[in-house]
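Okay, structure first, notes after.
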Amino acid sequence: EGERNNTNDEEYHEAFGEHTNISENCRYKINLIRDNDPNVKWFKNFYMDRNDVEHFSDLAWELLGRYIAENDHLEEIDIDDVGLTDENMTHLFKYLTRSTSLKELLLRNNNFGLDGIQSMIPFLKN
């Protein structure tokens, strides 16, 4: 398991490390999701800022989807008005379909089209 954690830490650093220009506040929130701490029951909402999202790589979107899917406490995510594209959606929803706690996903005012919506279908069926 320690080896798996090292790999996860390397992926996290590559996607969200200081070199990515993603804010400390955003990294803090992503860590709360990633750590799935049962004592963090107050953390139900996750608001993402457009300035941070502009720096998200494909790996960052994929990891965010995985962290959300593996979190047992997160019920709502706000990804409104951040410029989310079809490609971002494909990476985000790759693992997000496994989520069992997420009840509301806010995606208003973004830049995705039919391809992005199609990547959501397995999640919506879940």
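Remark: His55 engages no residue in a ring pair (Phe, Tyr, Trp, His ring centres under 6.0 Å) (not counting sequence neighbours). Shown here are the side-chain hydrogen bond (donor to acceptor under 3.5 Å, both in side chains) partners of Thr97, two or more places apart in sequence or in another chain: there are none. Considering only residues two or more places apart in sequence or on other chains, Asn51 meets the side-chain hydrogen bond (donor to acceptor under 3.5 Å, both in side chains) condition with Asp49. Among residues two or more places apart in sequence or in another chain, the side-chain hydrogen bond (donor to acceptor under 3.5 Å, both in side chains) test is passed with Asn110 by none. In this structure, the side-chain hydrogen bond (donor to acceptor under 3.5 Å, both in side chains) partners of Asp81, at least two apart in sequence or on a different chain, are Arg50. Listed by chain and residue number, nothing satisfies the salt bridge (Lys or Arg N to Asp or Glu O under 4.0 Å) test with Glu18 (two or more places apart in sequence, or in another chain).
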CA sep, side-chain torsions, deciding dist, call: Leu84, Asn111, side chain to side chain contact (heavy atoms under 4.5 Å, CB included): CA-CA 5 Å; Leu84 199 61; Asn111 300 328; over 6 Å; no

Stepwise salt bridge (Lys or Arg N to Asp or Glu O under 4.0 Å) check, Arg66 with Glu11: CA-CA 12 Å; Arg66 187 186 325 159; Glu11 286 180 325; 3.2 Å; yes

CA sep, side-chain torsions, deciding dist, call: Ser23, Asp52, side-chain hydrogen bond (donor to acceptor under 3.5 Å, both in side chains): CA-CA 6 Å; Ser23 73; Asp52 288 317; 3.0 Å; yes

Side chain to side chain contact (heavy atoms under 4.5 Å, CB included) between Lys94 and Thr90, intermediate numbers included: CA-CA 6 Å; Lys94 181 176 180 177; Thr90 300; over 6 Å; no

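Counting only heavy atoms from C-beta outward, the side chains of Ile79 and Leu92 approach each other to under 4.5 Å.
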Atom pairs and distances, side-chain donor-acceptor, residues 98-109, under 3.5 Å, sequence neighbours left out:
residue : atom : partner : partner atom : Å
Ser99   : OG   : Leu102  : N            : 3.3
Ser101  : OG   : Asn71   : O            : 3.1
Ser101  : OG   : Leu74   : O            : 2.6
Arg108  : NE   : Asp80   : OD2          : 3.3
Arg108  : NH2  : Asp80   : OD2          : 2.8

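With rounding to the nearest 0.5 Å, the separation of CG in Asn36 from CD in Glu70 is 8.5 Å. The NZ atom of Lys29 sits 11.0 Å away from atom CD1 of Ile77, with the distance rounded to the nearest 0.5 Å. For the atom pair NZ (Lys125) and CD1 (Ile121), the distance works out to 6.5 Å, reported to the nearest 0.5 Å. Atom CG of Leu114 is separated from atom OG of Ser119 by 10.0 Å, given to the nearest 0.5 angstrom. Summarising the geometry, atom CD1 belonging to Ile30 is positioned 9.0 Å from atom CD1 belonging to Ile68; distances are rounded to the nearest 0.5 Å. For the atom pair CG of Leu63 and CD1 of Ile33, the computed distance is 12.0 Å after rounding to the nearest 0.5 Å.
A donor-acceptor pair shorter than 3.5 Å can be found between the side chains of Asn31 and Tyr12.
Listed by first and then second residue, the ring pair (Phe, Tyr, Trp, His ring centres under 6.0 Å) pairs involving residues 86-126 are Phe93-Phe123 (not counting sequence neighbours).
Without hydrogens or angle criteria, Asp115 side chain to Asp86 main chain gives no donor-acceptor distance under 3.5 Å.
Note: Phe16 and Phe56 have perpendicular aromatic rings, judged against thresholds of 30 and 60 degrees for the angle between ring planes.
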